[in-house]
There are 4 protein chains.
Amino acid sequence: MVRPVGSDGVRTEAAIRDAAIHLIAAKGFEAVTLRGIAKQVGIQASSLYRYYPSKSELLMTIITAHMEDLLERWAEAEPAGGSALERLDAFIEFHVSYHSSKPTEVFIANMEMRALAAEDRKTVVAMRKRYEAILLQILLDGVEEGVFSVPDARVATFAILAMLTGLTVWYQEGGRLSKDELVACYSKLVTTGLSSVA
Amino acid sequence: MVRPVGSDGVRTEAAIRDAAIHLIAAKGFEAVTLRGIAKQVGIQASSLYRYYPSKSELLMTIITAHMEDLLERWAEAEPAGGSALERLDAFIEFHVSYHSSKPTEVFIANMEMRALAAEDRKTVVAMRKRYEAILLQILLDGVEEGVFSVPDARVATFAILAMLTGLTVWYQEGGRLSKDELVACYSKLVTTGLSSVA
Amino acid sequence: MVRPVGSDGVRTEAAIRDAAIHLIAAKGFEAVTLRGIAKQVGIQASSLYRYYPSKSELLMTIITAHMEDLLERWAEAEPAGGSALERLDAFIEFHVSYHSSKPTEVFIANMEMRALAAEDRKTVVAMRKRYEAILLQILLDGVEEGVFSVPDARVATFAILAMLTGLTVWYQEGGRLSKDELVACYSKLVTTGLSSVA
Amino acid sequence: MVRPVGSDGVRTEAAIRDAAIHLIAAKGFEAVTLRGIAKQVGIQASSLYRYYPSKSELLMTIITAHMEDLLERWAEAEPAGGSALERLDAFIEFHVSYHSSKPTEVFIANMEMRALAAEDRKTVVAMRKRYEAILLQILLDGVEEGVFSVPDARVATFAILAMLTGLTVWYQEGGRLSKDELVACYSKLVTTGLSSVA
DNA sequence: CATGAATGAGTATTCATTCAT
DNA sequence: AATGAATGAATACTCATTCAT
């Protein structure tokens, strides 16, 4: 009997990841059991080992897949050239869109880094730094252009990312605000804050 | 050795809480073991039960003590009257000062709510909502006064709190910036964003 | 060693029950540890959980299995019709035979009901009442027929059952008396007491 | 300050025994904790050690006190001389009276012998044998006199004692039957069984 | 006479992981 | 590709017991 391409195995692997992502987001990595994941998939816990060599590698896979995806997509979405303000707008739009479309993965990547082994954590931190560097550069350029004024670009980077990423805590697809409204909201706050003057 | 000379219940209880706070912040509640806490305090794990009836009540105590403290201190620091802008400044100064002076407790309160039992989580969420309501009211007042312009006050509240609270992730006492500089940084970002015009 | 070759779930489950029954009868339920049971079976304590979800459910299983067996077997052994005296003889023969063939299970069922959770205890008490009702009915019928004389049928039921069941405390298979002699002994005592007249 | 005779200490010791007796009867010795006993008395667990050197000696004290009391009282109640039938009646009256007046202590002595250390158990078994020997002798005498007919005097002894003692399981002071009715009930059953002829 | 602080051995139970089938 | 039986190390928690005060 010929097994159709992309059959069982592949499907099972995807199902495992999906189940893991939702359970980890809901209960936290340590509180999730392999039996729990297996049950949701409809297989035995021992069968998980066909697909992932350990619980921690399952987490690492989820987090790095997310980080790689994030960085790749920005590489595609990144505007070639443009003013700092234009690039900032593009970045906010990208970040908010991505984070509101995959809030669960993002939430895990932010919450469960402590659960990674030291080595793995280092790898992920490095990826995250690459992402932070994108915004930091935009801010520095904007300051140089004279359009941005920040007391401390590094703190501002952390602050803005924390603000933007915070949406994963409360955002639910199909909520009160459309994605465009969400982007507008955050764009306004980042560029002119609360002030009604500018 | 049954009881070391000079042992003292009050001192032990404080030591347990301190040890628990630091371990939980570093590794996450689920990953922390009572043995680990006890070891750091220099007692046996079973002795913890003289002070806290269960691991989860220990967490609950830490989180509620923090939340109560936060709300009480704001009640003291809150300016009587004043414009929305003045009250916003006061709130930011308070929030940043408090969060930078107790980053560990705050971090735990934000990260470990999932580890609480449903009932306890409800209690804490209610306290948190009371705190969020403070900022929300300031924003609404500012909008009415015409000094603030926000697309959505509720989203803005979450966004600003996420930004301000985010400092607990990276802030370390005695770092590059003084507390005043920190407050100035965040104040600037909240009121006028990145714009150099205003 | 992960799984000894030729290990078999059904066999293991039976071995666990046997070990549990003997240990509980010897030391009492509370004094028996899962480690102790496991050791006797030759497995790890954690492996018990593949077969019984908790220590108390293991006890409940043992007790209810015994009670169900007792009631079913009487249903089979019960004479269709007959005088009260004939039915009494049949009951005594059945009860003494059953109790002397499974003294350990019976002993546990009598001694360890306190160890059951309230809910479970209720269930077992109800089964026991069904059994007691059998003898009570025989006594009432005998009184009506005029062959039995009892000051109080309810007390007599408890008294006779206590007497008959008491054999589980001292009886050992292969002892001085044969099963038939045992039945004769108890029959005599129940029907005419110590009197040498009748 | 002069302490009044028979004060605190004595009262506390009695309170501890009472509390222990009722708790052990209700939950079983192993399930009872010293903290539980102390709580009921209104003292700290550590204070129990002023009165009893260990949990198991507390049990041993309760059981032997009961057994000694039982034997002493029979020595007082025992009729000097008399026929086997008269002595049997006296024994039954004594046994039922004593057991219905102290059902809790008796219950413990019967149920918790397994909880005693081997050495202590031996001691108690010996006392119990002395008590059983009383009834056995009466039966043997009655057989010799020709008024009793028993297939096996030893089995009859166990059987009758099990029947009589069984009342501690269900008897409650102030219940449906008076003590005299109770004695009459059991007397009838022992001497002529269920038969209506004799 | 009584306690409060502490111990340490022990308990049921959980869980990631292994591997013959 | 998947499972069922089993492991062993770990976990929160309990409890009898000790003893300086």
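FYI, side chains are in, hydrogens and waters are out, and symmetry mates aren't considered; it's all heavy atoms of this structure.
Taking atom OH on Tyr49(B) and atom C1' on dC13(F), their separation rounds to 4 Å, with Å as the unit. Between the C1' atom of dA6(E) and the CG atom of Asp8(B) lies a distance of 13 Å, rounded to the nearest Å. Rounded to an integer number of Å, the gap from Glu13(C) CD to dA5(F) P is 10 Å. Following rounding to the nearest Å, Arg11(A) (CZ) and dA1(F) (P) show an atom-to-atom distance of 13 Å. Straight-line distance from the CG atom of Leu48(A) to the C1' atom of dA16(E): 10 Å, rounded to whole Å. In this structure, CD1 of Ile43(B) is placed 10 Å from C1' of dA5(E), rounded to the nearest angstrom.
Listed by first and then second residue, the ring pair (Phe, Tyr, Trp, His ring centres under 6.0 Å) pairs that reach into residues 46-66 of chain D are His66(D)-Tyr98(D), sequence neighbours excluded. Screening residues 16-27 of chain C for side chain to side chain donor-acceptor pair (under 3.5 Å), with sequence neighbours left out, gives no hits. The salt bridge (Lys or Arg N to Asp or Glu O under 4.0 Å) contacts involving residues 46-69 of chain C comprise Asp69(C)-Arg73(C), Asp69(C)-Lys102(C), where partners must be two or more places apart or lie in separate chains. Applying the salt bridge (Lys or Arg N to Asp or Glu O under 4.0 Å) definition to pairs two or more places apart or across chains, none involves residues 34-49 of chain B.
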Show me, pair by pair, the donor-acceptor contacts under 3.5 angstrom made by side chains of residues 117-126 of chain A, not counting sequence neighbours?
{"from": "Arg121(A)", "atom 1": "NH1", "to": "Arg114(A)", "atom 2": "O", "distance (Å)": "3.3"}
{"from": "Arg121(A)", "atom 1": "NH1", "to": "Leu116(A)", "atom 2": "O", "distance (Å)": "2.9"}
{"from": "Thr123(A)", "atom 1": "OG1", "to": "Glu119(A)", "atom 2": "O", "distance (Å)": "3.3"}

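OP1 or OP2 of dG8(F) sits under 4.0 Å from a side-chain N or O of Gln44(C). Thr12(B) has a side-chain polar atom (N or O) that falls below the 4.0 Å cut-off from OP1 or OP2 of dA6(E).
Ala15(B) meets the side-chain contact (heavy atoms from CB on, under 4.5 Å) test with Val41(B); sequence neighbours excluded. Under the rule for a side-chain contact (heavy atoms from CB on, under 4.5 Å), Ala14(B) has no partner lying at least two apart in sequence or in another chain. Scanning for side chain to side chain donor-acceptor pair (under 3.5 Å) contacts around Thr61(D) gives an empty result, with sequence neighbours left out. Remark: Ser47(B) pairs with Ile43(B), Gln44(B) by the side-chain contact (heavy atoms from CB on, under 4.5 Å) rule, at least two apart or across chains.
Taking for each of Ser46(B) and Ser46(C) the nucleotide of DNA chain E with the nearest heavy atom, the 5'-most of the two is the partner of Ser46(B).
Shown for residues 50-64 of chain A: residues whose heavy atoms fall under 4.0 angstrom of DNA chain F, namely Arg50(A), Tyr51(A). Listed by residue number, the members of residues 16-39 of chain A with any heavy atom below 4.0 angstrom from DNA chain F form an empty set.
Between the axis at the start and the axis at the end of the helix from dA2(E)-dT21(F) to dT21(E)-dA2(F) there is an angle of 10°, using five pairs per end and rounding to 10 degrees.
The OG atom of Ser46(B) sits 8.0 Å away from atom CG of Leu48(B), with the distance rounded to the nearest 0.5 Å.
Residues Thr168(A) and Thr104(A) fail the side-chain proximity criterion, which asks for heavy atoms closer than 4.5 Å.
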